[in-house]
Every structure is written in structure tokens, then in C-alpha cells.
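Working notes, structure below.
Every chain is numbered from 1 and lettered A, B, ... according to where its sequence line falls, protein lines coming before strand lines.
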Number of protein chains: 2
Amino acid sequence: MNPTFSPLYQQIKALLLKSLQEGEWMPGEPIPSETELAGRYGVSQGTVRKAIDELAAENLVVRKQGRGTYVSTHNEDKSQYRFLRLASDTDENARPRSEYVDVEKVRANSVIAKLLDINPNDSVFVVKRVLSFGDQPHIYDEIWLPGQQCKGLSLERLQAWNSTLYAFLEAEFGMRMLRATEKIKAVSAGTEHSQRLQVPEGTPLLLVERLSMTYSDKPVELRRGWYLTEGFSYRNELY
Amino acid sequence: MNPTFSPLYQQIKALLLKSLQEGEWMPGEPIPSETELAGRYGVSQGTVRKAIDELAAENLVVRKQGRGTYVSTHNEDKSQYRFLRLASDTDENARPRSEYVDVEKVRANSVIAKLLDINPNDSVFVVKRVLSFGDQPHIYDEIWLPGQQCKGLSLERLQAWNSTLYAFLEAEFGMRMLRATEKIKAVSAGTEHSQRLQVPEGTPLLLVERLSMTYSDKPVELRRGWYLTEGFSYRNELY
DNA sequence: AAGTGGTCTAGACCACTTT
DNA sequence: AAGTGGTCTAGACCACTTC
């Protein structure tokens, strides 16, 4: 059979992705109704539906019965900490408070550059922050962001922001984190991390390396987080 | 609206789940075709399809175009290490070798009993084993299994088995692990774990507590795994 | 050739939200 | 009342596997 064969609904999905990527519909906004899209693309409503089903399964859009289908955003209560897997062993719903410590603009070293798929020596921002539950710091994050896409990022702007970092990046720079991969290791707290998390040196910590991607799986954020797991744990679901 | 309302396809899904649970179709076997099921339940083929779609999304069944829909099994290459998230940083596809160390029948303490949803003092098997990649042990597991469901489990039988533990439990005792939750912490290797994993005491390890569930989210296995993450990492995907 | 799942359509009706 | 997504149907045809 034709080697370039692709089901109609996959082609529609690709067209929808293109429109999303190009910003035809912005995060938080509704996309056109299924019937309208069916008309636009000259296919049946059911085919559009199947395309949107997949986008919804990937969390790129959110369906709301009776209202419409909306472009996902990190700027909503429900998706506020969508990627945060550390939770209290006693209070599942506890939410952390963020304290930004430092923002620097530096040249990417070869490791960072390779992971972010940019050129070595390209400028990158390094953001350092601490997430606390109650009074206890539990996460120290170092976050690398491509300089190109975050012009004008500063400590002051982050400190003035009162929602999540991803909401900030989405609102200020149009960066949309759609999915991420994490690699987790166990490490001992060194001098710096023990201070950041206010624990003794040698305390076992999770080291969580996250690479976040936007459309077409393009990496746009690298993050290393040191997690203190006393009374807390990293949650995962297996299917 | 009727508070007990449930879409037809959800009702069909529930009926299919019931048949799966009751063993009408066994792991590895095909379930009846969509048209046959549609006839049996007196609904359209499309409605059966949507029910099966959900079962497939939850990995309870596997669709094979042109062949049929099969009950999932842990006894197949593709799903062999379905729940194992530790992977080498250099060779993603490396598979571990399992060495069973000990099998004991004991009384469940209150913690274990509560997690497994059984009565304290009910008998449980404790299985201890080491998973190695190459010559290096990387995982030491302690596994609790309800005694009721594993009558006749022994070290010898496990050592004689040459596939995964879940495949064994499925084949020998009809235990089907459908999904699991994991809670991960960072810990320091104590005397026992340092010996099991052949690393110095104090080496940072991941402690992975897994609770595996069968139909109706009934817990059937509790597992604590100590993971050595030198050259390896626990992988996760966020959406 | 026959049987399976996979795609696509068109139309009907339901449930929910907004006006 | 009108518009949206959600369900259900019936029928056609396609792609893949087995016989």
C-alpha cells in the first residue's frame, strides 16, 4: 500500500497541531467547534472528533461538555502543578511555595547544549529556586532555558510573578511545555544542596533531571531538581 | 438526570471486565470479535468498539489488526518488563537477570496488612531477590504476596522459573497485575542493602514502594525495591 | 476468500452550558 | 432556544491476517 498512507483523522490532527503551534488559538482559548472544523477541512464531524480525541489524550486540549474544546494552559488551577510528582505522605493536596534565588545568563556548556538541542556557547538562562511545603524546603531546582526564547527574563520578574514557572513562561514568552521526560537518581546532599534544603550534608536526595518539550518534541527546558523525601515521595502510576 | 446514568459503552465495558475477571477469556487468549460481542450484548459494533478502546488504553487487552483482541499477559516479550522503570543510561534496552534469594511465609504486620487490604496476622509470603544488569546487582526487592492466593509458592519453584515474576504469578496462581502505584524516596544503604547490592554502606539508593492491583483496584502485591542508580536511572514520562 | 480490527460517513438523539 | 461536546447506530469500505 501507499507508504505515505496516513488515516484522515491523523492528517486532521496534524493540521490542528499546526494551527496550535502557529498560535491561531492561544492557551486558554477555545478552538472552533467540531462541526465548524469539519466544514473547514471538508471531512465529517466524527473524523474531526477522533483527531481531537487524540489531542485531548495528550493533554494538548481540554474538552468541556456544552462549552467547547480549549487549548491547554499551565495557567489554570487544575493544571497548575501538572508535572510535579512530589507529594506529602500525609497530605496529598499540599501545594508548594516557590522562592526564586537567582537568575543568570551564561553560555551553555556542551552537555546542556546537547540536551537542549542548541549550539554550545549559545546563551542560556539559569534559574535557581527553592520550593517549600510549609516552612520546610523540599526541592531545589536549577533550570536552564534557551536565551533566545526568554529575552528579558530576570529575577525581579520571576519574583513578581505569583503563579507557576510554566504559567510564567507560557504567558511571557509563549513557551508551551507539552510533555517532559524525567530521569531519577539517588544522591547525597553536598555542601550547596544541604544548605539550600536546610539538611545535613550527606542526606539522601532524589536528583530529578527533567527535559521539557514543546511542539514536535523540541526541547525547551532542562531542569535538575534535588528533592528531599522525608515525609514526601515521588509518585508514579504504572499501567 | 438519572443519577445512575452510565453510557452504554461503559456498561459494556463493565460486562467485559466481569468476563475477564471471571476468567471467561484467559491471558494470551483472544476475546470474541467486536461483531460477535455486539450480537451478544445487543448493541452496535461501534459501541463495543468504544468499550474495548478503553480496555486497550488501560492495557487490559491488546488489539491486533486482522487477528483479534487479546487478553493482556505478562508472559510476552513486549510486556515482559512492563512495570520496570530502571534503565541503563547507556543501553536503554538492557534487561536484568533475576536471582531469587529467599522465600518465607510469615504473618503480616499491621502496615503490610493495611496496604494489602488483608487482616493483620494473615499469612503472607515474603520473596527476596536481586536483579542484576550484567554482573552488577542494581535492584534488591522485598515482595509481599497474600498467602491465600499463592499456596505452594517456594524458592525452588521461583528459581526454576525462567521468566518474570509477574508471568509466574499469572501462570501459576492466576494473579493478574493490571496497574500499580509507586512511591519513591531517597535513602542511604544500610548494612543489609549494601551487601545485597555490593556497594559501600551509605551509598544513596532509591527506595521504590510499589503496590500492584488487579481487577477493581484490589491490591495483590506490595514490593519494596532498593535501586542502585549508578549508571542507571528511573525513567518517567510526564504529559 | 473470509474474518478481524481500522477508518469514515451521516444522521439521530442526549447532556450540559450559555444566552 | 441555540450551540457545544457526548453517545449510539448502521452501513460502507480499507488494511491486515489466516486459511
Checklist line | Nearest-neighbour nucleotide for the Pro7(A) side chain, dG5(C), dT7(C), dG5(D) considered | finding: dT7(C)

Check: Looking at Thr69(A), does any N or O in its side chain come under 4.0 Å of the phosphate oxygens OP1/OP2 on dG5(D)?
Finding: yes

Check: About how many Å separate OH of Tyr140(A) and OH of Tyr227(A), when rounded to the nearest 0.5 Å?
Finding: 14.0 Å

Next item on the list: Take atom CD of Glu36(A) and atom C1' of dG5(D), then tell me their distance rounded to the nearest Å.
Entry: 14 Å

Note to self: Using modelled atom types and a 3.5 Å cut-off, is there a donor and acceptor pairing between side-chain atoms of Lys185(B) and backbone atoms of Phe232(A)?
What the structure shows: yes

Checklist line | Phe133(B) to Leu86(B) - nearest heavy-atom pair and separation | finding: CZ-O, 4.1 Å

Next item on the list: Give a yes/no verdict on a cation-pi contact between Lys64(A) and Tyr70(A), requiring under 6.0 Å between NZ or CZ and the six-membered ring centre and an angle within 45° of the axis.
Entry: yes

Checklist line | d(CG, Leu8(A); P, dC13(D)) in whole Å | finding: 16 Å

Next item on the list: Take the protein atom OH of Tyr41(B) and the nucleotide atom C1' of dT9(D), then report the distance between them rounded to whole Å.
Entry: 19 Å

Check: Of the candidate nucleotides dT9(C), dC8(D), dT4(D), which contains the atom at the shortest distance from the side chain of Ser44(A)?
Finding: dT9(C)

Note to self: OP1 or OP2 of dT7(D) versus the side-chain N and O atoms of Lys50(B): is any pair under 4.0 Å?
What the structure shows: yes

Check: Does the side chain of Glu221(A) pick up a donor-acceptor pair with the side chain of Tyr166(A) at under 3.5 Å?
Finding: yes

Notebook entry, point to check: Which listed nucleotide (dT9(D), dG6(D), dC8(C)) is nearest to the side chain of Arg63(A)?
Noted result: dG6(D)

Notebook entry, point to check: So does Arg49(B) get a side-chain nitrogen or oxygen closer than 4.0 Å to the phosphate oxygens (OP1/OP2) of dG5(C)?
Noted result: no

Check: If you take all heavy atoms of Glu170(A) and Pro27(A), which pair is closest and at what distance?
Finding: OE2-CB, 3.3 Å

Checklist line | Each stem that DNA chain D is part of, given as range with range (3 or more consecutive Watson-Crick or G-U pairs, under 3.5 Å) | finding: C:1-18 with D:1-18

Item checked: Ile12(B) CD1 - dT7(D) C1' separation (whole Å) -> 13 Å

Note to self: Please report the distance, rounded to the nearest Å, between NZ in Lys64(A) and C1' in dT18(C).
What the structure shows: 14 Å

Note to self: Using whole Å, what does the distance between atom C1' of nucleotide dC14(D) and atom CD of Gln10(A) come to?
What the structure shows: 16 Å

Notebook entry, point to check: Is Arg235(A) paired with Asp89(A) through a side-chain N to carboxylate O contact shorter than 4.0 Å?
Noted result: yes

Check: For the ring pair Phe168(B) and His74(B), is the centre-to-centre distance below 6.0 Å?
Finding: no

Item checked: Nearest-0.5 Å distance, OG of residue Ser233(A) to NZ of residue Lys183(B) -> 5.0 Å

Produce the list of close N/O pairs, under 3.5 Å, pairing protein atoms with atoms of nucleotides 1-3 of chain C; give distances to one decimal.
from	atom 1	to	atom 2	distance (Å)
dG3(C)	N2	Gly66(B)	O	2.9

Note to self: Using whole Å, what does the distance between atom C1' of nucleotide dC8(D) and atom CD of Glu34(B) come to?
What the structure shows: 15 Å

Notebook entry, point to check: Tell me: CD of Gln45(A) to C1' of dG11(C), nearest whole Å?
Noted result: 10 Å

